[in-house]
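First the proteins, then the strands, lettered A, B, ... as listed; each starts at 1.
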Amino acid sequence: MDQSHIRNFCIIAHIDHGKSTLADRILQLTNSISDREMRSQVLDSMDLERERGITIKAQAVRVFYTASDDETYQLNLIDTPGHVDFSYEVSRSLAACEGAILVVDASQGIEAQTLANTYLAIEADLEVVPVLNKIDLPAADPDLHARAIADLIGDKADNVLRISAKTGQGIQDVLEAVVAQVPPPHGDPDAPPRALIFDSVYDQYRGVVTFVRVVDGAFRKGDKLFAMQTGLTAEAEEIGVMTPSMVPTGQLSAGESGYLITGIKQLGDLRVGDTLTVASNRASEALPGYQEVKPMVFCGLFPMDADDYPDLREALEKLSLNDGSLQWEPETSQALGFGFRCGFLGLLHMDIVRERLEREYDLELLATTPNVAYRVISTTGEEILVKSPAELPNPSNIESNFEPFVRCSVLVPSEYVGSIMELCQERRGTFVTMEPIENRQQIVYDLPLAEIVMDFYDQLKSRTKGYASLDYDIVGDKESPLVKLDILLAGDQVDALSMIVHRDLAFARGKGIVDRLQKTIPRQLFEVPIQAAIGSKVIARETVKARRKDVLAKCYGGDISRKRKLLERQKEGKKRMKQVGRVEVPQEAFLSVLSIGEDKHSGK
Amino acid sequence: MGVRHLYVHLPFCASRCGYCAFVVEVDALDRRDDYLDALLVEFAAERDRIGALDTVYLGGGTPTLMRPHRLAQLMEAIRPHLAGDAEVTIEANPETVDLDAFLALRNAGITRVSLGAQSFQPHLLDALDRRATPTQVRAAFHAARTAGFESVSIDLLFAVPGQDLAMLHADIDEAIALGADHISWYELEVKPGSTLARQGAIVDQDFSEEAYRLVVERLEDAGYRWYETANFARIGHECRHSLAYWEAADYVGVGIGAVSTMEATRWRNAPDLAGYIARAGGGETPRRTTEFLDADTRRRERWMLGLRLGRPFRMDEAGPPDHPDALEHLAGLGLISYDAEELRLSRDGRFVQNAILCELMEYSA
């Protein structure tokens, strides 16, 4: 198809504002799937994603639409994830498009991710088609929110479309606007072929499936492909498009998006962001790529049952096939035995990976306290990347420490401005700016990422009755006086509970952790002192009293089996504990370390 | 040789107590005659299994609601099977018995009374939905004595919602002053399905610890032996029937919900009054569930039951623990001492007997 009849676009939205529902409606309206096949949120193929209402993997779907000008257009809809952890994936989806439908919930209005993604789209020179969704809701206030959106993108409020993806109202108008407003691609069909890899997934049956946006020239089945960044060559065994099922087309031309299958088995070999060309007609210049994704949050994952270690390794290998941003390496803990130190894009990503491991691979896991990666300069001038507290060198060998900072944007109703500022100050934040958006305030702070990794998000929600929305971006690292805080149970240091903290907060954190552990660790047969220490200096201490009574009540009338069953249940509970040295520690204890704000706040 | 221990379940109650989740029948007093007939049918059918009965236990429910004439009829059937010095216990609710009733029970061949007191504090009795007043409890105790019962036990509870240490002291004082020969003093269990559970009663762990230790200490000071986790007796007044359970002896139980264990087999009658009566009328055995106990299960049960007793536990007879390494660890904590034959819980160890058991043994479904 000639490029003037092609539109490549994506949908950007805050989580739950209706992106996936709109995508489903577009597929329905263009007859891409029958009603019988219609499953809500077709594009979210994983169960877990469906449950959480979020989309992790971008996919491209081609549909045909005959517009009011009687011309038929090829529309390539590129799905984007909606959560802050995946903003990296958003930006690479945007690079494959010329336009974006901006979806805003007509009852909730603009949220932090709406802003973040809109700025990304504008920066990427995309034509933004603004849409208010859920106008059928009683709480919808389309006039108010339309004005705000118009302000945001510099358009007129009248141009903001009003739809309900749920009822199907206004969907056609959206497609008309896409055709009319989104510019067609303008690559050179005769130039040497160039295509941007914007995603790749691993399919059990098909191997690595690579999603590309062709910019110049054309790719044909059988072409010898050349990856300009890695220098890798591979044959295009199959070329096609998703409709949303895979349909081979034998060719992809300038302006089109689709998929490629090569003989390549390793997901990492064809890198997202790389430019593909054809070996026999090689392009001279690569397309602008993306900056490589780096995990920001790390934690140790250990099998509850040591025998499951090989299964955990296998599960991580399989997950990595579809999730290039997941990193992992073996880790040995004195307390927890053999496991893996894993790197994630953020906390949500971490939760999702853990849940998938437990659910899809039937593993019982213990996750240690998450932490960020620190950059340490040793006294010998060496630079060390510290991904776990155990890797932090001895203080006498440290010249300086750097920790990652984020620029964090919070959108809240005005009455909560005070509590948000208070929270950000408590978490070592530096105020950047504040400005009104609609009837709310956008507050921008620079914060250490380590503080966000703690219970920042939960605190944000609980202090604003759920009204605050958050987005953040890494802005580099800053020097910080950091110390390693160790936790000792019954006199033994538990490496899995160690954490790196700012020196000024060490005392408060230490006390908080010790208090919470005291509440989470059940009484044992002996007294268990819990201590927080920096080096050899103990800064906080609590004690779990010894259990002084544990007897089962009567077994009446010879009903011995009932009593035995009570024991069986008790024993099951015991199995969910992790033996750490001599102490039995429940799984919650490792995560309770995270919630620092809770006691203080509820105690007010 | 035959089984030497018999349990008879008499499920009728005037009302259900707040903490009760046992097999009881409220509002079914008109079925008592039919139930007695059915019991006699089941007992007759079990006769072949039964040897010289060393102990008989009439438990409930409220067995005394069967009234003396029915109990006499029941005892008539049992009597020919009794060994020479058999212990025959009946549970009694204070508000259901008087001197005449106790005299009749004695004449019927019952030797021991277990009186359900639970507390002597009126408001705690209220909290438990008990019908008897403290005065009735005392009167019933004296009536049993006057009727000639030489072994009278009372049941009490600690960790009742609303109980404090002063109230507990008062209950201990009363129990000792009455001169009970045997005292069962259990921690109140808030069982799922009971009224207390629905009311959301929570037992305070620290109070419960302190209460338990206080009960043990004061009863021992008063001359009672702490012969089992929750049972105290003057010398010679241990409940032989309960000891049989704790020693993992075989026993037969008759009546609804009753459990029997013979070697590797355990069966339990369905807790269904109407069905039980109907099937007995047709000469059928009651509906039962049967459980096969393999050697490991039996061994683990012997540990579970045997560690409750004050006397040393014979490991050589019961079989080894599943986790022998834990022996040394527990000994190091001062909770047990042991040699090749015997394991002995220290005083502190007895208070955490269940935790010790879980360290030593494997229990899985």
Side-chain angles (χ1 to χ4, degrees), chain A residues 304-308 337 364 489-492 515 517-529 542-586, chain B residues 5 7 9 22-23 57 59-60 184 186-189 191 205-206 208-213 229-231 242 244-246 248 251-253 255 257-261 266 268 291 293 297 300-301 304-305 308 329-330 333 335 348-359 361-365:
Chain A
M304 287 297 279
D305 183 343
D307 293 344
D308 288 344
E364 259 197 275
L489 292 183
D492 299 326
D515 282 352
L517 285 175
Q518 199 257 348
K519 289 190 189 97
T520 352
I521 295 176
R523 295 184 181 186
Q524 322 262 319
L525 282 172
F526 46 90
E527 192 177 276
V528 179
E542 278 290 339
T543 306
V544 176
K545 285 195 273 180
R547 199 170 347 161
R548 295 176 65 231
K549 181 183 73 67
D550 180 5
V551 294
L552 275 188
K554 103 201 244 174
C555 49
Y556 194 80
D559 197 352
I560 292 164
S561 297
R562 179 186 158 259
K563 196 167 133 67
R564 205 184 64 233
K565 285 185 179 119
L566 281 178
L567 272 174
E568 284 164 6
R569 232 173 293 151
Q570 188 167 338
K571 199 76 184 180
E572 274 302 303
K574 207 173 150 79
K575 280 196 191 126
R576 280 193 288 274
M577 306 266 211
K578 190 84 190 173
Q579 188 85 31
V580 176
R582 294 183 295 140
V583 185
E584 280 169 3
V585 182
Chain B
H5 308 283
Y7 175 80
H9 194 64
F22 294 124
V23 176
Y57 199 96
S184 296
Y186 286 99
E187 176 173 8
L188 176 70
E189 253 188 298
K191 287 185 207 153
Q205 173 83 358
D206 284 317
S208 161
E209 274 185 16
E210 205 168 336
Y212 186 31
R213 284 179 180 254
T229 302
N231 284 281
S242 298
Y245 292 143
W246 296 321
Y251 54 90
V252 162
V259 178
S260 305
T261 305
R266 176 169 300 148
R268 179 189 161 100
E291 184 185 2
L293 309 168
T297 306
R300 286 165 185 153
E301 285 193 353
M304 175 181 90
L305 299 163
R308 295 177 71 92
H329 166 63
L330 293 165
L333 294 171
L335 298 172
D348 276 339
R350 292 195 66 192
F351 284 103
V352 291
Q353 163 256 326
N354 195 51
I356 290 173
L357 187 66
C358 286
E359 294 284 318
M361 304 302 287
E362 203 44 60
Y363 292 93
S364 57

Side chain, backbone, both or neither of A/E527 within contact of chain B (heavy atoms, under 4.5 Å): neither

Residues B/E189 and A/R562 bridged, charged N to O under 4.0 Å: yes

Minimum side-chain heavy-atom gap A/L525-B/E359 below 4.5 Å: yes

Indicate yes or no for a side-chain donor-acceptor contact from A/R548 to the backbone of B/R213 under 3.5 Å, with no hydrogens or angles considered. no

Lys/Arg N to Asp/Glu carboxylate O, A/R523 vs B/E209, below 4.0 Å: yes

Tell me, for B/A230 versus chain A, whether the close heavy atoms (under 4.5 Å) come from the side chain, the backbone, both or neither. neither

Would you call A/R564 and B/E301 a side-chain contact if the rule is heavy atoms closer than 4.5 Å? yes

With a 4.5 angstrom heavy-atom cut-off, which part of B/L335 approaches chain A: side chain, backbone, both or neither? side chain

With sequence neighbours left out, write down each residue that passes side-chain hydrogen bond (donor to acceptor under 3.5 Å, both in side chains) with B/R350, or none if nothing qualifies. none

Pick out which of B/Q353, B/E210, B/E187 makes a side-chain contact (heavy atoms from CB on, under 4.5 Å) with A/K549. B/E187

Residue from B/L188, B/T229, B/D206 scoring the most non-hydrogen pairs under 4.5 Å with chain A is B/D206

As a test of understanding, state which of B/Y186, B/F351, B/Y212 forms a side-chain contact (heavy atoms from CB on, under 4.5 Å) with A/V551. B/Y212

Heavy-atom pairs under 4.5 Å with chain B are the metric here; pick the option from A/R582, A/R547, A/K565 that has the most. A/R547

Close side-chain approach of B/I356 to A/D550, heavy-atom, < 4.5 Å: no

Check side-chain hydrogen bond (donor to acceptor under 3.5 Å, both in side chains) between B/T261 and all other residues, then give those that pass, not counting sequence neighbours. B/Y251, B/R266

Select one option (side chain, backbone, both, neither) describing which atoms of B/S208 are under 4.5 Å from chain A's heavy atoms. both

